[in-house]
There are 2 protein chains.
Amino acid sequence: MNQHASHKPDYEKELRRAGVRITRPRKVILRILTETDDHPDAMEIFQRASAIDPSISLSTVYRTMKLLEEMGAIHRHAFEGGRARFEQADGEHHDHLIDIDTGDVIEFHSKRIEELQEEIASALGYDIVHHRLELYGRKRKRS
Amino acid sequence: MNQHASHKPDYEKELRRAGVRITRPRKVILRILTETDDHPDAMEIFQRASAIDPSISLSTVYRTMKLLEEMGAIHRHAFEGGRARFEQADGEHHDHLIDIDTGDVIEFHSKRIEELQEEIASALGYDIVHHRLELYGRKRKRS
DNA sequence: CTTTTTATTGCAAACGATTTGCAATTGCAT
DNA sequence: ATGCAATTGCAAATCGTTTGCAATAAAAAG
């Protein structure tokens, strides 16, 4: 249901091409990102990184996330509730269903909804630059 | 398509019923809200209020917005870009198209999209508690 | 492999939006 | 009018995130 056969992106190569240095902290953070398939926030990444190398600072996590975001390697999501959450930018576009009890994120995509969005914007005289569709829900109890 | 003939809500009556005092600052803020048909943020409300009564504080604006939100009289939206924006909660549910150049907000509603959202959540085993659909766009140039 | 250059780091302080503690004020019921 | 709890303004605190700066460490040069 969620094992994405995503050809794990070679962040290091991308970074090198972007002309930035492959430092120890960055290596650790990149490793965490490639090994992760949830949507961690900066603090979670920081904690996972600290477990590997306690000298890594939260600032560096933020700086690295910003860097990767600008390179287009990751996406930043401002779901409800404080912290921004990140995900690898490998796959195609999708929207999110957030479990309001656990914070779990499920990705989904609806071509039909996207079409309808386009129609609506168009009817209002607009071109969509980007959009945000988030469903906040609770796991159904009885089937 | 979107001209809401909103029967302007009597906030004062609602507040009184909720057992809170009708103070001078609150009167001013309520007046601003009823006279407004855009989606102002706290700072804008504060500035408009200051023009009427310079002694009103930003804290009071925030406190009043929170109060009204808890009463269900207004909705708070966390669109992109810092500040939360508010709108009267009179009409029926709608989503938003935000003009990324001007910040203008256009309300729209699509029964079809809502149905599709339900289908998706349902297929994933979830009940939707609430959702967020925001289109960020730019006014189309050539018709 | 040492030196040089310059990006990157950790830290603490700054940030912007919002909330809060507190003492002074004010609605409003008596 | 009187009394008291609700409300205010202010300043300080909060939370997530960003930033200035001096110290450090990649990678380039020799």
Side-chain angles (χ1 to χ4, degrees), chain A residues 11-32 39-71 73-86 103, chain B residues 11-32 39-71 73-86 103:
Chain A
Y11 289 134
E12 294 205 14
K13 184 168 283 180
E14 284 189 60
L15 282 170
R16 214 162 233 121
R17 192 177 326 129
V20 301
R21 293 180 182 171
I22 311 302
T23 63
R24 187 153 163 35
R26 294 219 255 241
K27 268 196 185 112
V28 172
I29 294 169
L30 294 179
R31 181 176 134 200
I32 289 168
H39 294 63
D41 58 43
M43 187 55 70
E44 283 163 354
I45 295 169
F46 169 62
Q47 283 161 353
R48 296 178 200 179
S50 294
I52 298 172
D53 177 350
S55 75
I56 291 173
S57 77
L58 183 53
S59 303
T60 295
V61 172
Y62 275 113
R63 278 191 278 236
T64 302
M65 299 320 282
K66 172 166 283 190
L67 182 65
L68 292 171
E69 192 189 0
E70 283 164 358
M71 290 173 38
I74 62 172
H75 289 315
R76 172 192 302 254
H77 298 293
F79 298 144
E80 288 183 356
R83 331 223 230 268
R85 299 174 65 172
F86 305 91
Chain B
Y11 288 133
E12 294 205 13
K13 183 168 283 176
E14 284 189 60
L15 281 171
R16 214 162 233 119
R17 191 177 327 128
V20 302
R21 294 180 180 171
I22 311 302
T23 64
R24 186 153 164 37
R26 293 220 255 238
K27 269 195 183 113
V28 172
I29 294 170
L30 294 179
R31 183 176 133 201
I32 289 168
H39 295 63
D41 58 43
M43 187 54 70
E44 284 163 354
I45 294 169
F46 169 62
Q47 283 160 353
R48 296 178 199 178
S50 294
I52 298 172
D53 176 352
S55 74
I56 291 173
S57 77
L58 182 54
S59 303
T60 295
V61 172
Y62 274 113
R63 278 191 277 235
T64 303
M65 300 320 282
K66 171 165 284 192
L67 182 65
L68 292 171
E69 192 189 359
E70 283 164 357
M71 289 174 39
I74 62 171
H75 289 315
R76 172 192 302 254
H77 297 293
F79 298 144
E80 288 182 356
R83 331 222 229 265
R85 299 175 64 172
F86 305 91

Asks: Please encode protein proximity along nucleotides 6-17 of chain C as a string of B, S and -, counting only heavy-atom distances under 4.0 Å.
Replies: BBSBBBB----S
Asks: What residues form a side chain to side chain contact (heavy atoms under 4.5 Å, CB included) with S59(A), not counting sequence neighbours?
Replies: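 With sequence neighbours excluded, S59(A) shows a side chain to side chain contact (heavy atoms under 4.5 Å, CB included) to S57(A), R63(A), given in chain and number order.
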Asks: F46(A) CZ to dT18(D) P: how many Å, rounded?
Replies: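 Those two atoms, CZ and P, are 15 Å apart.
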Asks: Closest-nucleotide mapping onto DNA chain C: is R16(B) or K66(B) further toward the 5' terminus? I mean the 5' end.
Replies: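 It is K66(B), whose closest nucleotide lies nearer the 5' terminus.
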Asks: Could you state the interatomic distance from CG (L15(A)) to CZ (R17(A)), rounded to the nearest 0.5 Å?
Replies: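 With rounding to 0.5 Å, CG (L15(A)) is 9.5 Å from CZ (R17(A)).
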Asks: In whole Å, what is the span from the CZ atom of R76(B) to the C1' atom of dT19(C)?
Replies: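 To the nearest whole Å, that distance equals 11 Å.
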Asks: Could you pull out all residues at least two apart from P40(B) that satisfy side chain to side chain contact (heavy atoms under 4.5 Å, CB included)?
Replies: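 Residues passing side chain to side chain contact (heavy atoms under 4.5 Å, CB included) with P40(B): T36(B), D38(B), E44(B), I45(B), R48(B).
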Asks: What is the separation between atom NZ on K27(B) and atom C1' on dG27(C), rounded to the nearest whole Å?
Replies: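 Atom-to-atom, K27(B) to dG27(C), this comes out as 9 Å.
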Asks: Please identify each residue that fulfils side chain to side chain contact (heavy atoms under 4.5 Å, CB included) with Q47(A), with sequence neighbours left out.
Replies: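 Scan of Q47(A) (side chain to side chain contact (heavy atoms under 4.5 Å, CB included), adjacent residues dropped) gives M43(A).
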Asks: Using the test side-chain hydrogen bond (donor to acceptor under 3.5 Å, both in side chains), find all partners of S50(B) that sit at least two apart in sequence or belong to another chain.
Replies: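 Once residues adjacent in sequence are excluded, S50(B) has no partner under the side-chain hydrogen bond (donor to acceptor under 3.5 Å, both in side chains) criterion.
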Asks: Please report the distance, rounded to the nearest Å, between CZ in R85(A) and P in dT17(D).
Replies: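 After rounding, the gap between these two atoms is 12 Å.
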Asks: Got a sec, which residues hit ring-ring contact (aromatic ring centres under 6.0 Å, His included) with F79(A), two or more places apart in sequence or on another chain?
Replies: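 If we apply the ring-ring contact (aromatic ring centres under 6.0 Å, His included) test to F79(A), skipping adjacent residues, the hits are H77(A), H96(A).
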